[in-house]
Amino acid sequence: MSQLSVPTSTTAKRRTVDPEPTEGTGGGLTIDVSEVGERLWRIFTSMRTALILMLGLAILGLIGTLLVQVPAGVQSDPQAYTAWLDTVRPKYGGWTTPMEMLQFFSIFSSIWFKGIIVLLTTSILACSVNRFRGLWKTAVRPRTRMTAVFFDRAPHSATIDVAVAADVAVTDVTRTFKSHHYRTVVERDGDEVSVYADRFRWAPFGTLMAHISLVLILVGALVGSTWGFKNTEFAVPVGSTVPVGNGTGLSVMAKSFNDSYYANGAPSDYVADLVLYKDGQQVAAQAVRVNEPLGYGDVTFYQAFFGAATDVSVKDASGATLYSQGVPLLYTADNGTRRVGQFLLPQQGLTVLVVSAASGEIDPAIKPGMVQLEVYKTGAGGGQPIDTQIVSQGKPIQMAGLTFTFDRERQFTGLMVAKDPGVIFVFGGALLLVVGLFLVFFFPSRRIWTRIVPGPSGSEVRVGATTRHDATFGPDFQKIVGEMELSLAGKSGN
Amino acid sequence: MLKMSEYSFIAAILSVALAIVFYAVAVVSVRVQRGRAAVAAGGAATFDGGTSVAVTSGSSTFGTYGTLVAWLSFAFLLASLTFRTIATGHGPFANMYEFSISFATGIIGVYLFFERRYHQRILGLIVLPIALLMLLYATTIPATADPLVPALQNNLLLTVHVAVAIVAYGTFSVSFAAAVLYLLQSYGVPRLPRAELLDEISYRAVVIGFPFMTLVIILGAVWANVAWGSYWSWDPKETASLVTWLIYGAYLHARVVRGWRGNRAAWLLVVGFGATLFTYFGNLFFGGLHSYSGLN
Ligand code: HEM
């Protein structure tokens with residue numbers, strides 16, 4: 001095959017490498033930059049590299065599915081991370097520490113993962129650059145004439161003897177190609193005529209599209225993680241307004257929240273009636289459901305979870321209200337029998353925990369209609385509370401010199417707030433990827449060369465083609481040649 | 001409607017089983033005859049396949065019956081899925097029962113497509129039992145038609161997601177079958193279809209399956225973005241499908257690398273099918289957002 005002068009990209013841009021090692025000056029301390037570059041280029045453009053990187057990534061993915069992965073947010077908090085590791089220790093035993101050191105529990109942010117992604121991206125870009133010229137040339141300036149050797153050796157070839165001159169034969173040849181939707185290029189050289197025919201000549205760019213789109217998707221992911229944010233624990237108690245933060249100037253008010261269920265107890269719907277404010281002005285209002293998020297600009301609010309909240313108000317000695325808000329009970333404690341929420345009184349330097357019995361739990365201390373309030377010094381690191389009291393709904397109580405009232409129970413709606421400026425690249429890339437793949441695989445590009453030379457009885461038409469593994473080409477080729485024979489035979493009969 | 005769906009399902013199981021019997025008889029008798037012919041001719045013991053070789057009527061009749069019954073089972077499966085969709089008001093994606101029937105439908109449909117093109121019933125002898133196992137597995141799952149939990153209430157997107165997935169899974173099953181035959185051949189099992197033909201069938205199957213698998217993952221990402229606000233969260237099922245996709249991507253490149261052609265590429269297909277099954281059954285042993293199996 002290599003003898004065939006087929007203008008595929010590999011032959012068009014094969015780099016010759018000097019087999020002799022370059023002589024180093026100064027005891028081989030200096031490295032020939034161009035040689036190293038050449039070598040790197042060869043490595044990055046090799047299919048073997050692509051193969052190894054893809055399988056390597058697959059192995060990391062497998063590790064990621066088989067091993068428990070540390071939840072987002074836990075890893076950045078050393079204390080929580082140690083505690084989390086202790087929860088998986090029983091499962092993995094002595095392997096836990098080495099696996100932790102190899103970053104197996106956070107495989108998708110590990111050095112291995114990032115390394116492979118960087119290498120793969122580099123390799124994809126190198127391959128695309130490498131292939132572009134060949135693809136362009138094949139599509140725009142294909143080699144239209146082939147020598148006799150080509151037809152002798154082409155995997156698909158046929159010879160038709162006809163009784164007419166080359167000029168006459170060429171019209172039948174081109175007509176046959178045209179009727180099969182091929183484009184033809186005719187070239188004359190003396191009494192010899194070459195007809196080059198191709199179909200879907202732009203389709204091979206699908207490969208290029210597919211590869212570049214992968215890079216685009218990765219760029220989108222990078223943009224999203226650099227300039228976006230994601231708050232998975234944004235809880236808004238019904239009736240309260242909570243600022244979004246992250247420099248958005250937005251705040252969300254939940255007018256209501258409803259969870260409904262089917263007869264068998266499975267959830268059927270979660271709806272939160274939300275109002276969105278920007279710098280105090282209402283800018284949007286919508287019933288947000290699981291599949292119906294609320295979008296404002298590039299920030300999107302998704303219904304994610306829900307739970308119980310308590311309205312608590314705090315007054316100082318003069319009767320001024322320091323705090324009056326719903327407190328979402330976001331956390332569980334004591335093996336899930338209690339639910340806990342917290343809020344801050346920044347001026348007083350106090351942190352207040354609100355504890356209630358989880359729904360359906362009977363708690364000997366905290367009865368229905370009661371919550372336990374715990375007041376701590378902010379930043380004391382979980383030490384002893386200044387004061388702990390169990391309070392009934394509507395009964396003010398004195399703690400740390402302030403008056404606390406548990407006003408009522410509410411629900412909160414848990415939202416996921418996300419801003420992802422990279423999403424457009426990701427889905428743009430995805431679209432490009434699919435289009436590219438369908439182009440490559442469902443529009444196989446075809447190229448057939450024909451050479452008409454004077455022969456013993458008139459002219460000789462030689463047809464030849466090479467293809468990589470394209471199974472449907474063989475029968476098509478036979479069909480085209482058959483039709484050509486038929487129409488040329490009609491000519492010679494005249 | 002649910003009853004009709006179940007009857008069609010049972011009819012499909014019976015007809016797949018019957019088709020397998022016919023295929024087995026047809027394949028065995030064809031191979032035996034060809035073996036004799038090959039010995040008589042003193043020639044090679046590998047063959048191009050169905051149409052070009054003259055086979056006496058007895059075995060080819062069995063083959064035709066087998067094909068007919070296989071088509072029948074495909075029709076029953078489609079009917080079962082259609083009835084169920086009408087009854088439940090949503091596509092067959094809500095639990096493992098529905099998805100197993102879909103998977104089997106995809107396997108048989110894609111196989112029949114390849115049989116029309118390549119006439120290799122021996123492939124069916126590997127593919128159809130996989131479909132049968134899928135269906136038998138479905139019988140072990142309660143067929144209750146549960147209403148949809150909120151995240152799954154995205155009918156169109158999910159129906160397309162599943163429809164595309166079963167085509168992908170079907171092609172991967174066919175490529176797996178061809179790869180197994182390829183490997184058997186290379187380890188010396190006589191009278192199988194030509195190695196190049198098997199290689200080509202595997203490749204064509206992946207060529208269809210790979211873009212479809214890509215689409216499956218993308219549609220999943222679109223859905224996740226709409227439902228959860230994040231197109232990718234390394235949920236185990238997502239990750240497993242990415243692993244599957246990467247293995248088939250590697251296979252496409254492997255066929256170009258000289259040292260990887262042949263057996264190693266065939267092994268990749270076997271591993272790829274393993275990954276496909278892992279992705280499919282994954283929700284049984286890992287939790288995550290896709291835990292809709294209906295088995296808890
Ligand atoms: C996840 C990563 C990748 C994916 C999904 C991917 C996908 C594909 C697909 C679908 C094809 C078409 C196969 C065929 O025609 O049979 C292809 C071909 C190719 N890929 Fe990749 N690829 C990836 C990475 C790479 C890398 C890293 C390289 C460079 C080392 C590379 C180089 C090539 C080349 C040279 C071709 C052949 C193009 C042709 O024959 O027209 N690919 N790739």
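Numbers restart at 1 for each chain; the letters A, B, ... are given by sequence-line order, proteins then strands. Computation of the quantities below employed the complete heavy-atom set of this structure, encompassing side-chain atoms and omitting hydrogens, waters and symmetry-equivalent molecules. In this text the structure is predicted, and so the values were computed from the model without any measurement.
Only the side chain of F442(A) comes within less than 4.5 Å of a heavy atom in chain B; its backbone stays farther off. In this structure, chain B has no heavy atom under 4.5 Å from any part of A210(A). Using a 4.5 Å cut-off between heavy atoms, A304(A) makes no contact with chain B at all. Proximity to chain B (any heavy atom under 4.5 Å) is shown, for L57(A), by both the backbone and the side chain. Only the side chain of F427(A) comes within contact range of chain B, with heavy atoms under 4.5 Å apart. Heavy-atom distances place both the backbone and the side chain of M47(A) under 4.5 Å from chain B.
Enclosure of atom CZ in F200(A) by more than 12 non-hydrogen atoms of other residues, nucleotides or ligands within 6.0 angstrom is indicated.
Residues V426(A) and W232(B) have side chains not in contact (no heavy-atom distance under 4.5 Å, counting atoms from C-beta outward). Taking 4.5 Å as the limit, every side-chain heavy atom of S175(B) sits out of range of all side-chain heavy atoms of Y251(B).
Among the candidates L242(B), I217(B), L215(B), V222(B), the residue making the largest number of heavy-atom pairs closer than 4.5 Å to chain A is V222(B). When each of L268(B), V243(B), V271(B) is checked for heavy-atom pairs under 4.5 Å with chain A, V243(B) comes out on top. Of the listed residues (A250(B), A275(B), A254(B)), the greatest number of heavy-atom pairs within a distance under 4.5 Å of chain A belongs to A250(B). The residue among T244(B), N225(B), I247(B) with the most heavy atom pairs within less than 4.5 Å of chain A is N225(B).
One finds a salt bridge joining R255(B) and D199(B) here, because a Lys/Arg side-chain nitrogen approaches an Asp/Glu carboxylate oxygen to under 4.0 Å.
The aromatic ring centroids of W234(B) and F113(A) lie less than 6.0 Å from each other. Aromatic pair Y92(A)/F105(A): ring centres closer than 6.0 Å.
The aromatic rings of F273(B) and F176(B) lie parallel to each other, their planes meeting at an angle below 30°, with 60° marking the opposite boundary.
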